[in-house]
2 protein chains.
Amino acid sequence: MDSSAPARHGRLDLERLRRNCARCSLHRLCEPAGIGASELERLDHVVRRRRPVARGERLFHAGDPLGALFVGREGAFKTVLVSEDGEEQVLGFHLPGELIGLDALGSGQHRCEAVALTDASVCEVPYERLTSIAMQLPELQHQLLRIIGQRLEREQDHIGMLVRRQAGERIALFLHGLSRRVAQAGGSATSLVLPMSRDDIGHFLGLALETVSRGFSRLQDEGVIQVSGRRVEILDADELERMANRETDTPRLQARGSA
Amino acid sequence: MDSSAPARHGRLDLERLRRNCARCSLHRLCEPAGIGASELERLDHVVRRRRPVARGERLFHAGDPLGALFVGREGAFKTVLVSEDGEEQVLGFHLPGELIGLDALGSGQHRCEAVALTDASVCEVPYERLTSIAMQLPELQHQLLRIIGQRLEREQDHIGMLVRRQAGERIALFLHGLSRRVAQAGGSATSLVLPMSRDDIGHFLGLALETVSRGFSRLQDEGVIQVSGRRVEILDADELERMANRETDTPRLQARGSA
DNA sequence: CGTCCGATTGATGCCCTTCAAAAATGGTGG
DNA sequence: CCACCATTTTTGAAGGGCATCAATCGGACG
């Protein structure tokens, strides 16, 4: 496959566009919807591709007007809600391929800020243009609604993580979910390098950073994971998932081997 | 089913439709968007109005395909996520004028169930028809996206309620938020009759029902509210809001009067 | 090699959960 | 109208898990 053919029209052009979208992880937005050539071309003209973002840089701040949605391409982000007393609440982490900026849909202004946890790059889609194109493409409209709906599901899962689950459960749930998402983004499901600090994880899970650290250590003692700073190896994914669903029951009934 | 003037065109028809929408609380969906006559007419033909729902009845179950969105008209609902072990997680409460059913947008299937807490009635909007009309009405599309975005905000507020806030804070936050919403739905902001049980509130706030009850009693002791079963009078809304934002600080530093 | 920031580990206190029982509420039928 | 029951709510007592304070450890970087 040639990588540089500058064909202007025909299949070659479409191929180039599709390739770009697939690389840029925008495929979640347009590819599964079966969008045709002309539509892709329009999207392509609208999307600002592969904008680099330095670690610590913000895609937007709280209060910024909704200008564009972002799709992570490389690196990782967190979205943070800062309360008036300076307390940070981490709303989510965002891996390549995931949409950032939906928090402004309700009011037209961002209510949280998106911070790059590592050096990163994003694709940028002007919101107004996206919606106006969606007006004419049923597939794109449905896809957009579906993606927003999936974000709703994620928020609900986040709530489920926080409600009446104890620390070990939340941490297992977090690692398990992160592993799946890293795999979906093209990484290894068992060998992770966490882009976020223990403090960030704590502010996401509603736990003190020390509790997160202790939880990691405990999982390591039990042989489920191996931790070295931000490097995490998942040794027993099944057990991890089991702990994620209820840690409190059968702590000694089915105990095998050492206590 | 027309019950009155069968006018086909002209202002009368439009007025009737607007009235219906306003009464039906669908105004949040179409009225502020400045929708014109023909569009309202189309919406009107699509909406099944004022369907009664008995207490305990479900609008949908987990796993049901996404058929329609609902707008509460009278009464109250809760949406509940039931985990495999039978544990209930209350995702939200829904007052008149609020949209129910968005949980299915991501997958096309409902993941929670919507239960009527009281005898109630709803308007029912077939989802496919709504989106296909939205394709042709920029205002409606934007309004739809805005409403979904507002739901996202609510989920995030819910998360903020759960993370690192202690019981008294969550309960004050809950009462304060409910008061505002009841007022928005046309009720009294200070005199509430809770449609949900202490258990429901507990499953929403991530607390044991006993803790909720104790929290109410404590607020009463402090003269902030007056409780009698499910009847709650808010005596000091300012103080309630203050407690909602940080209960733990300045308990004795800036203490005035009694310790 | 020394500094700095993040991660780990320890000890203590407290808030909330849990178990338990009494009290109140609401609906039903005599 | 009142008695009766089921359900919900309130209140009490005890124990545990997590936050907090504090110190040490470890790696990254100049």
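A note on names: the letters A, B, ... follow the listed sequences, proteins ahead of strands, and every chain is numbered from 1.
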Which heavy atom of B:Val122 sits nearest a heavy atom of B:Gly72, and at what distance?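 Shortest heavy-atom separation between B:Val122 and B:Gly72 comes out as CG1-CA, 4.1 Å.
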When the distance from [atom1] of [X] to [atom2] of [N] is rounded to whole Å, what number comes out?
{"X": "B:Leu194", "N": "D:dT8", "atom1": "CG", "atom2": "P", "answer": "15 Å"}
{"X": "B:Asp119", "N": "C:dG27", "atom1": "CG", "atom2": "P", "answer": "11 Å"}
{"X": "A:Asp199", "N": "D:dT20", "atom1": "CG", "atom2": "C1'", "answer": "14 Å"}
{"X": "A:His203", "N": "C:dG6", "atom1": "NE2", "atom2": "P", "answer": "12 Å"}
{"X": "A:Ile201", "N": "C:dA7", "atom1": "CD1", "atom2": "P", "answer": "8 Å"}
{"X": "A:Phe216", "N": "C:dA7", "atom1": "CZ", "atom2": "P", "answer": "10 Å"}
{"X": "B:Arg218", "N": "D:dT9", "atom1": "CZ", "atom2": "C1'", "answer": "19 Å"}
{"X": "B:Gln220", "N": "C:dA24", "atom1": "CD", "atom2": "P", "answer": "13 Å"}

Taking only nitrogen or oxygen atoms into account, show me every contact under 3.5 Å that the protein makes with nucleotides 12-17 of chain C, one pair per line with its distance.
unit_1: C:dC16; atom_1: OP1; unit_2: B:Ala167; atom_2: N; d: 2.5
unit_1: C:dT17; atom_1: OP1; unit_2: B:Gly206; atom_2: O; d: 3.4
unit_1: C:dT17; atom_1: OP2; unit_2: B:Ala208; atom_2: N; d: 3.3
unit_1: C:dT17; atom_1: OP2; unit_2: B:Thr211; atom_2: OG1; d: 2.4

side-chain hydrogen bond (donor to acceptor under 3.5 Å, both in side chains) assessment of A:Ser83 paired with A:Asp85: CA-CA 5 Å; A:Ser83 59; A:Asp85 57 351; 2.4 Å; yes
Think A:Arg230 has a side-chain N or O under 4.0 angstrom from the OP1 or OP2 of C:dG6?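 Indeed not, no polar side-chain atom of A:Arg230 lies that close.
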Quick one: is C:dT9 close enough that its OP1 or OP2 comes under 4.0 Å of any side-chain N or O from A:Ser217?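 Checking A:Ser217 against C:dT9: at least one side-chain N or O falls below 4.0 Å of OP1 or OP2.
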A:Arg165 side-chain N/O to A:Gly160 backbone N/O, donor-acceptor pair under 3.5 Å: yes
Would you find a donor on one side and an acceptor on the other, under 3.5 Å apart, between the side chain of A:Arg164 and the backbone of A:Leu162? no
Output field: ring centroids B:His94/B:Phe70 closer than 6.0 Å: no
Please confirm whether A:Phe93 and A:Phe77 have ring centers closer than 6.0 angstrom.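 Judged by ring-centre distance (under 6.0 Å), A:Phe93 and A:Phe77 do not meet the cut-off.
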Which one of B:Ser188, B:Ser191, B:Ser179 satisfies the side-chain contact (heavy atoms from CB on, under 4.5 Å) criterion with B:Ile234?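 Exactly one candidate clears the test, B:Ser179.
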Could I get the full list of ring pair (Phe, Tyr, Trp, His ring centres under 6.0 Å) partners for A:His110, not counting sequence neighbours?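 Ring pair (Phe, Tyr, Trp, His ring centres under 6.0 Å) list for A:His110, sorted by chain: A:Phe60.
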Residue met sooner reading DNA chain C from 5', once A:Val227 and B:Gly229 are mapped to nucleotides: A:Val227
Spell out protein contact along nucleotides 24-30 of chain D as letters: B when the base is contacted, S when just the sugar-phosphate is, - when no protein heavy atom is under 4.0 Å; keep the 5' to 3' order. -------
Base, sugar-phosphate, or nothing: which does A:Ser197 touch, judged by heavy atoms less than 4.0 Å apart? sugar-phosphate
Need one value for B:Val212: base, sugar-phosphate or nothing, where a base atom within 4.0 Å counts as base even if backbone is also close, heavy atoms only. nothing
Derivation and outcome, side-chain hydrogen bond (donor to acceptor under 3.5 Å, both in side chains), residues B:Gln226 and B:Arg231: CA-CA 8 Å; B:Gln226 184 163 350; B:Arg231 166 154 250 113; over 6 Å; no
